[in-house]
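Working notes for the structure below.
In this text the structure is predicted, and so the values were computed from the model without any measurement. Residue numbering restarts at 1 for every chain, and letters A, B, ... go by the order of the sequence lines.
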Number of protein chains: 2
Amino acid sequence: MVRPERRTVRDLRRGNRAVLLRALYFAGPTSRHELTALTGLSAATVSNVTGDLLADDIIVEAGLVDSDGGRPRVLLRVNPTYGFAIGVDVGETHVRVELFDLDMNELAKSEFALRPGAHDVDVVVRHVLSGIDAVVADSGVPPSKVLGVGVGVPGIVERGPEAMIHAQTFGWDSVPLGTLLRAGTPFPLHIDNGAKTMGQAEMWFGAGRGSRHAVIALIGSGVGASIIADGMTYRGANSSAGEWGHTKIAIGGRSCRCGGRGCLEAYIGAEAVLERAGIDVDTSTEQAAFAELVTSGSPVVEETVEYLGAGLANLINLFNPERIVVGGWAGLLLGQHLLTTIKQKAAENCLTQPYSTASIVLGRLGPDAVALGAATLVVDEFLLSTTSSSVSREPAVS
Amino acid sequence: MVRPERRTVRDLRRGNRAVLLRALYFAGPTSRHELTALTGLSAATVSNVTGDLLADDIIVEAGLVDSDGGRPRVLLRVNPTYGFAIGVDVGETHVRVELFDLDMNELAKSEFALRPGAHDVDVVVRHVLSGIDAVVADSGVPPSKVLGVGVGVPGIVERGPEAMIHAQTFGWDSVPLGTLLRAGTPFPLHIDNGAKTMGQAEMWFGAGRGSRHAVIALIGSGVGASIIADGMTYRGANSSAGEWGHTKIAIGGRSCRCGGRGCLEAYIGAEAVLERAGIDVDTSTEQAAFAELVTSGSPVVEETVEYLGAGLANLINLFNPERIVVGGWAGLLLGQHLLTTIKQKAAENCLTQPYSTASIVLGRLGPDAVALGAATLVVDEFLLSTTSSSVSREPAVS
DNA sequence: GTGACTTTTTTCAAGATATAGACTATGTAT
DNA sequence: ATACATAGTCTATATCTTGAAAAAAGTCAC
């Protein structure tokens with residue numbers, strides 16, 4: 001029952017510094033004057049704090065803007081090359097490592113294919129580590145300027161120093177990925193579920209921008225969701241919140257690859273949809289087959305949309321979001337052709353009041369934003385807790 | 001994307017004062033020394049702040065405790081008669097108004113029966129207002145010491161100055177209850193959904209104590225839930241989050257009184273269960289008939305437990321709570337006899353990792369805790385934002 | 001060009017806060 | 001009675017934000 005605590009007068013500065021930096025990051029080039037309105041701080045404090053940040057080279061000046069008849073405003077922005085963030089996407093078919101500057105420009109990329117079914121922990125760890133080395137080398141970024149590495153992985157991630165992973169599709173049971181990676185890289189690590197990193201990417205740069213309460217629904221072979229409560233990813237007690245795909249939508253219904261019956265994923269996951277339509281595919285042909293199916297007018301698709309609508313309605317009833325973002329490769333395909341029907345089915349299965357406040361939109365980042373999202377974990381931490389000259393003085397811990 | 005902000009150095013004091021007061025409230029009699037550990041504040045600050053609070057009469061001394069070989073500790077506690085909170089339960093069959101001191105001792109109570117179907121707004125408002133007058137008069141508490149009134153109502157409550165209510169079972173559509181009540185009472189108002197107030201009661205004084213992530217599942221004639229995320233009631237964008245009863249558990253299933261089909265409530269709400277069992281009752285005999293049914297070994301009960309388990313599993317998968325509290329009169333009856341089966345069904349329908357962190361327990365407060373919970377809204381606000389001599393100097397707004 | 005005016009940004013003194021560490025209070029043990 | 005132990009308060013200090021005043025850096029009318 002005890003809520004957040006602040007202590008000393010020094011925390012005030014740290015907090016205001018973070019507030020200001022965050023405002024600057026998301027608002028883009030902004031003058032000190034505008035920052036007073038954005039942050040609620042006085043002009044004096046803004047001047048003060050920006051002075052610090054400028055001295056630390058965390059922010060830089062970005063031109064002037066005339067103002068009718070007065071001193072022109074100096075625009076400020078976050079220095080995009082103050083530090084760099086690495087994002088890693090551990091997917092079913094590949095390990096992808098990307099290096100970004102703070103503007104999220106991709107400066108280097110490294111990718112490794114994974115053979116289907118070959119998700120050995122050692123292999124993945126080796127790929128991630130050599131990917132990190134590769135992107136740092138390729139980009140020419142000095143290691144001291146790498147702020148950290150974010151990793152998006154499938155399955156349930158218990159956050160903490162160990163970052164335990166439970167991923168059925170990989171056959172991973174209690175894999176201490178954090179410990180394994182930390183042995184091979186000096187950079188601070190942030191490990192999270194891939195759906196959650198992707199959700200954060202949509203929130204920062206995609207269809208979720210501007211909303212405080214949102215759900216990012218991700219539909220691919222499997223089904224997941226990322227819940228944003230009051231601007232922050234909701235994780236629950238053990239970071240496994242958002243397992244939408246395995247909520248029951250039919251008691252005693254179709255059996256699911258999780259071992260249960262009647263899971264939503266068994267009705268709207270691409271793998272299950274193709275199976276229900278009697279189409280036999282492997283990983284390589286899955287997406288093409290699904291795309292074809294969606295436009296075919298098959299009754300299976302119709303049924304899928306019915307279940308999807310109900311699934312979204314459940315999210316709306318439970319979370320009362322302002323926005324639902326439908327993403328994932330299969331979700332995007334379905335949405336591009338059938339968004340109106342999806343909305344209609346959601347409305348039919350939802351209470352009117354919460355439905356009316358939730359707008360259902362398509363994701364804007366495409367299915368490859370997991371690495372981007374993973375990198376935002378690093379940036380998020382940076383924006384929150386940058387102290388003077390903090391760049392990797394001592395390697396932090398996830 | 002911008003998170004909480006602190007501004008001036010004065011907010012620091014306010015915040016620390018609130019942290020300390022809250023710690024004191026929930027930990028009971030505590031010495032200054034212990035408070036340093038509980039709050040993280042320095043001894044000097046604790047001394048400082050407690051000095052303020054003592055001077056304001058918000059806290060009082062509560063005896064001494066020997067310490068082996070040193071100065072004895074002075075215990076401090078919140079002054080239970082510093083202020084008083086009124087809680088109102090607007091239910092389907094009654095309006096109940098209770099007045100509590102800060103220790104949540106009930107000092108006065110006033111109750112009005114509502115005839116079934118007679119939920120006219122005017123009638124309810126009149127009952128609430130005369131109930132408030134009655135409990136203040138009966139208790140002899142000076143009106144200036146009444147900190148506020150909390151009201152728990154059915155349906156969806158859009159919080160705000162108007163506090164719009166949408167309650168289908170009452171036939172209320174966009175009723176501005178806040179405005180209506182404010183015209184008749186000078187006390188600060190806090191209006192919320194009854195399931196949420198009850199949930200907060202269980203969190204503070206019942207089966208939820210000590211957990212930060214919990215879901216209180218309430219099963220009566222209807223079905224609702226209160227979601228506690230990181231110690232706070234989760235409300236979503238428009239305060240309607242937690243509409244568990246109308247999530248779909250069966251596509252195209254039984255029709256529900258909300259007008260939809262396949263709602264969870266249509267399977268596990270007491271009204272629906274009795275209907276499914278072919279038992280015809282009215283409001284007065286409902287509870288007895290349900291109690292009898294539960295122990296009868298009827299297959300309908302078995303099915304109900306199956307659905308309840310799945311419904312709980314969905315909550316666990318989505319929210320990853322540490323604790324699920326099953327409450328509501330029907331929920332308590334089911335739980336008392338069938339908790340093991342319920343847990344087993346939940347486990348069958350849930351991913352193992354989140355299931356293993358969620359303990360499913362019965363509510364401890366009984367079905368009449370709505371008014372208590374409503375009063376905690378007032379106390380919560382008091383603990384959060386008490387400034388020196390703040391008692392109803394100017395009537396605040398919900 | 002120049003002086004008046006406007007708008008943005010910085011400087012400065014004032015007021016408020018938490019903390020460390022010294023100090024006081026109040027007991028037990030011997 | 002003296003030593004010791006623990007609890008709580010006081011004081012000096014370093015920070016912090018802020019409002020007001022001052023400075024900076026322009027435009028504009030003439």
Side-chain angles (χ1 to χ4, degrees), chain A residues 4-21 23-24 27 29-56 59-77 387-388, chain B residues 4-21 23-24 27 29-56 59-77 387-388:
Chain A
E5 354 179 333
R6 285 285 170 106
R7 270 176 293 236
T8 160
V9 71
R10 231 153 176 165
D11 295 323
L12 249 188
R13 175 68 140 214
R14 230 197 318 278
N16 283 337
R17 191 174 157 121
V19 165
L20 203 151
L21 192 57
L24 211 43
T30 314
S31 73
R32 293 174 177 81
H33 196 67
E34 288 172 280
L35 282 171
T36 63
L38 260 72
T39 61
L41 296 167
S42 70
T45 302
V46 169
S47 185
N48 222 338
V49 175
T50 52
D52 271 17
L53 291 169
L54 279 166
D56 290 346
I59 66 176
V60 291
E61 298 194 348
L64 296 177
V65 163
D66 294 0
S67 73
D68 23 65
R71 175 173 173 175
R73 284 170 288 187
V74 178
L75 296 182
L76 301 171
R77 56 171 303 184
T387 332
S388 309
Chain B
E5 351 178 336
R6 286 287 169 108
R7 272 177 290 237
T8 158
V9 72
R10 233 151 175 167
D11 295 323
L12 246 190
R13 177 67 141 211
R14 228 197 319 279
N16 283 337
R17 191 173 157 121
V19 165
L20 204 150
L21 193 57
L24 210 44
T30 314
S31 72
R32 293 175 177 81
H33 197 67
E34 288 171 279
L35 281 172
T36 63
L38 259 75
T39 61
L41 296 168
S42 71
T45 301
V46 169
S47 187
N48 224 336
V49 175
T50 52
D52 270 16
L53 291 169
L54 280 167
D56 290 345
I59 64 176
V60 291
E61 299 194 345
L64 297 178
V65 162
D66 294 1
S67 72
D68 21 66
R71 174 175 173 175
R73 285 172 286 186
V74 177
L75 296 182
L76 301 171
R77 55 170 305 187
T387 331
S388 309

**Message:** I'd like to check the salt bridge (Lys or Arg N to Asp or Glu O under 4.0 Å) partners of A:Arg73; sequence neighbours left out, ordered by chain and number.
**Reply:**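 A:Arg73 satisfies salt bridge (Lys or Arg N to Asp or Glu O under 4.0 Å) with no other residue.
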Residues which pass salt bridge (Lys or Arg N to Asp or Glu O under 4.0 Å) with A:Arg77, listed by chain and number, not counting sequence neighbours: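 For A:Arg77, the residues satisfying salt bridge (Lys or Arg N to Asp or Glu O under 4.0 Å) (neighbours in sequence not counted) are A:Asp103.
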Whole angstrom is fine here: how far is it from [atom1] in [X] over to [atom2] in [N]?
{"X": "B:His33", "N": "D:dG8", "atom1": "NE2", "atom2": "P", "answer": "8 Å"}
{"X": "A:Leu54", "N": "C:dT9", "atom1": "CG", "atom2": "P", "answer": "12 Å"}
{"X": "A:Asp52", "N": "C:dT11", "atom1": "CG", "atom2": "P", "answer": "12 Å"}
{"X": "B:Asp11", "N": "C:dT17", "atom1": "CG", "atom2": "P", "answer": "10 Å"}
{"X": "B:Arg10", "N": "C:dA18", "atom1": "CZ", "atom2": "P", "answer": "12 Å"}
{"X": "B:Glu61", "N": "C:dT26", "atom1": "CD", "atom2": "C1'", "answer": "14 Å"}
{"X": "B:Leu75", "N": "C:dT26", "atom1": "CG", "atom2": "P", "answer": "16 Å"}

- Query: Which heavy-atom pair separates A:Thr36 from A:Ala43 by the least distance, and what is that distance?
  - Reply: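 Looks like CG2-CA, 3.6 Å.
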Can you tell which of B:Val49, B:Val46, B:Leu75, B:Leu20 makes a side-chain contact (heavy atoms from CB on, under 4.5 Å) with B:Arg32?
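Passing option: B:Val46.
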Under the side-chain contact (heavy atoms from CB on, under 4.5 Å) test against A:Asn16, which residue among A:Leu41, A:Thr39, A:Leu21 passes?
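Result: among A:Leu41, A:Thr39, A:Leu21, A:Leu41 is the only option passing the side-chain contact (heavy atoms from CB on, under 4.5 Å) with A:Asn16.
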Could you work out which one of D:dT9, C:dT9, C:dT10 sits closest to the side chain of B:Arg32?
->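 Of the options given, the side chain of B:Arg32 lies nearest D:dT9.
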Exercise for the section: Choose from C:dT9, D:dA25, D:dG8 the nucleotide whose nearest atom is closest to any side-chain atom of A:Ser47. Expected result: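 Taking heavy atoms from C-beta onward, the closest nucleotide is C:dT9.
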Worksheet item: Under the side chain to side chain donor-acceptor pair (under 3.5 Å) test, which residues partner B:Ser31, sequence neighbours left out?
Response: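 In terms of side chain to side chain donor-acceptor pair (under 3.5 Å), with neighbours along the sequence ignored, B:Ser31 is linked to B:Glu34.
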- With A:Ser47, which residues qualify under side chain to side chain donor-acceptor pair (under 3.5 Å), at least two apart?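 A:Ser47 satisfies side chain to side chain donor-acceptor pair (under 3.5 Å) with no other residue.
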*Can you find a pair of side-chain heavy atoms, one from B:Glu61 and one from B:Leu76, that are under 4.5 Å apart?*
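In contact.
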* Asked: Does B:Asp11 reach the main-chain N or O of B:Thr8 with its side chain, forming a donor-acceptor pair under 3.5 Å?
  ->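 Checking the backbone N and O of B:Thr8 against the side chain of B:Asp11, a donor-acceptor pair under 3.5 Å is found.
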Next on the checklist: Let's test your reading of the model: under 3.5 Å, does the base of C:dT26 pair with the side chain of B:Arg71 as donor and acceptor?
Outcome noted: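 Between C:dT26 and B:Arg71, which were checked side chain against base, a qualifying N/O pair under 3.5 Å is absent.
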Would you tabulate the pairs of protein nitrogen or oxygen atoms and nucleotide nitrogen or oxygen atoms of nucleotides 17-21 of chain D closer than 3.5 angstrom?
unit_1 : atom_1 : unit_2  : atom_2 : d
D:dT17 : OP1    : A:Asn16 : ND2    : 2.8
D:dT17 : OP2    : A:Arg13 : NH1    : 2.8
D:dT18 : OP2    : A:Ser42 : N      : 3.1
D:dT18 : OP2    : A:Ser42 : OG     : 2.9
D:dT18 : OP2    : A:Thr45 : OG1    : 2.7

For nucleotides 28-30 of chain C, print each protein N/O atom paired with a nucleotide N/O atom at under 3.5 Å, atom names and distance only.
none

